[in-house]
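Here is the structure we will look at, set down as structure tokens.
This is a predicted model, so every value here is computed, not measured.
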Amino acid sequence: MTSSRRLMLAVLILTAGAGAVAALAPGGLGDPQPEVVTEGVSADLYRAVVGVPAGVVRLGVHAALGAPLLLLAALAWVGWVGRRRRTGATAVVALTGAGAVLAYVTSEALKLVVDQERPCRAIADVPGWVPCPPAGDWSFPSNHSTVAGALATGLVLAAPRLAGFAVPAGLLAAAARVVAGVHYPHDVVAGLLLGTAVTAAVVVLLTPAVRRPVGSTRDRCAPGRPAR
């Protein structure tokens with residue numbers, strides 16, 4: 001794929017992701033007051049999900065912590081194997097880290113723009129299962145879901161055979177934030193889409209530039225090739 005086509009594809013991915021996140025946002029741009037969501041499909045789903053038994057909630061809280069760690073471990077393994085075998089997986093893993101950081105920073109910026117109140121504070125008639133984050137720690141989009149989406153996307157691109165693990169792990173990490181009572185469903189969906197779009201765009205656009213030094217080293221070390 002040529003560099004111009006890679007650029008066009010990256011722009012399309014980012015545009016689609018931005019449009020989807022914007023469609024999920026409850027508002028907030030230019031509004032000095034926090035956005036409080038108490039009605040609608042997302043709020044109804046939140047009420048239904050937070051009402052599950054306590055055992056499921058405890059499992060969900062552990063999943064929210066464990067799933068991203070498992071994704072990180074899988075990425076590290078794929079990157080290590082790719083480095084030993086001199087494949088492009090190492091470049092994708094490195095770019096996944098960059099994409100995850102960029103997506104996280106973007107999600108933090110969006111929180112300051114949207115100013116959406118946490119559901120555990122806005123919907124007082126449904127008690128949450130974990131302590132509600134302090135006032136001013138806004139809800140949209142979910143940072144945990146953003147990072148989970150970024151890591152899962154990078155793992156799928158680096159090792160497609162692990163998609164059966166990566167996708168459920170990312171979804172589990174996001175859903176657990178709703179079960180715990182600290183995010184609406186639309187928060188975690190937006191986070192997943194944001195992390196996916198940013199990481200996919202970074203990988204598509206920059207992989208050739210990151211892989212080139214690896215390929216050059218391999219060529220120089222190839223048996224029978226005269227030194228220059």
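A distance-only check finds no donor-acceptor pair linking the side chain of K111 to the backbone of D137 [under 3.5 Å]. For S42 (side chain) and H186 (main-chain N/O), a donor-acceptor pair under 3.5 Å exists by modelled atom type. Side-chain N or O atoms of Y46 include one that pairs as donor or acceptor with a backbone N or O of G181 at under 3.5 Å. Judged purely by atom type and a 3.5 angstrom limit, R121 uses its side chain to pair as donor or acceptor with the backbone of P133.
Between L194 and L110, the shortest heavy-atom distance links the atoms CD2-CD1, 4.1 Å. When every heavy atom of A197 is checked against every heavy atom of G17, the shortest pair comes out as CB-CA, 3.8 Å. Minimum heavy-atom separation, T199 to G99: OG1-C, 3.7 Å. The two atoms that bring A152 and A166 nearest to each other are CB-O, 3.4 Å, heavy atoms only. The shortest non-hydrogen separation linking A174 to L192 is CB-CD1, 3.7 Å. Looking at every heavy atom in both residues, A74 comes nearest to L155 through CB-CD2, 3.7 Å.
Both V188 and V179 are assigned to one and the same hydrophobic cluster, defined by single-linkage of ILVMFWY side chains at heavy-atom distances under 4.5 Å. When the side chains of ILVMFWY residues are joined at heavy-atom separations under 4.5 Å, either directly or via intervening members, V81 and V92 end up in two distinct hydrophobic clusters. Hydrophobic cluster membership is shared by W77 and L72, with clusters built from Ile, Leu, Val, Met, Phe, Trp and Tyr side chains linked at under 4.5 angstrom. Hydrophobic cluster membership is shared by L7 and L95, with clusters built from Ile, Leu, Val, Met, Phe, Trp and Tyr side chains linked at under 4.5 angstrom. In the hydrophobic clustering of ILVMFWY residues, with side-chain heavy atoms under 4.5 Å counting as a link, L151 and V101 come out apart.
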From CA spacing to verdict: side-chain contact (heavy atoms from CB on, under 4.5 Å), T90, V78: CA-CA 7 Å; T90 303; V78 169; over 6 Å; no

side-chain contact (heavy atoms from CB on, under 4.5 Å) assessment of T153 paired with T96: CA-CA 8 Å; T153 299; T96 296; over 6 Å; no

Steps toward side-chain contact (heavy atoms from CB on, under 4.5 Å) verdict (F140, V21): CA-CA 10 Å; F140 182 93; V21 172; 4.1 Å; yes

Pair V204-I13, side-chain contact (heavy atoms from CB on, under 4.5 Å): steps then yes or no: CA-CA 9 Å; V204 166; I13 293 171; 4.2 Å; yes

Trace of the salt bridge (Lys or Arg N to Asp or Glu O under 4.0 Å) decision for R177 with D187: CA-CA 9 Å; R177 301 299 289 169; D187 297 339; over 6 Å; no

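Within the model, atoms CD of E35 and CG of D115 stand 8.0 Å from one another, a figure rounded to the nearest 0.5 Å. The distance from the CD atom of E117 to the CD1 atom of I123 is 11.0 Å, given to the nearest 0.5 Å. Annotation: the span from S107 atom OG to L102 atom CG amounts to 10.0 Å, rounded to 0.5 Å. Put simply, OH on Y184 and CG on D44 are 11.0 Å apart, with the number rounded to the nearest 0.5 Å. Between atom CG of residue L193 and atom CG of residue L24 there is a gap of 6.5 Å, rounded to the nearest 0.5 Å. Note: S139 OG to R118 CZ = 5.0 Å, rounded to the nearest 0.5 Å.
The closest side-chain heavy-atom distance from L71 to F165 is below 4.5 Å. You'll find the side chain of P26 reaches within 4.5 Å of the side chain of V114, heavy atoms only.
No more than 12 heavy atoms of other residues, nucleotides or ligands sit less than 6.0 Å from atom CZ of R83.
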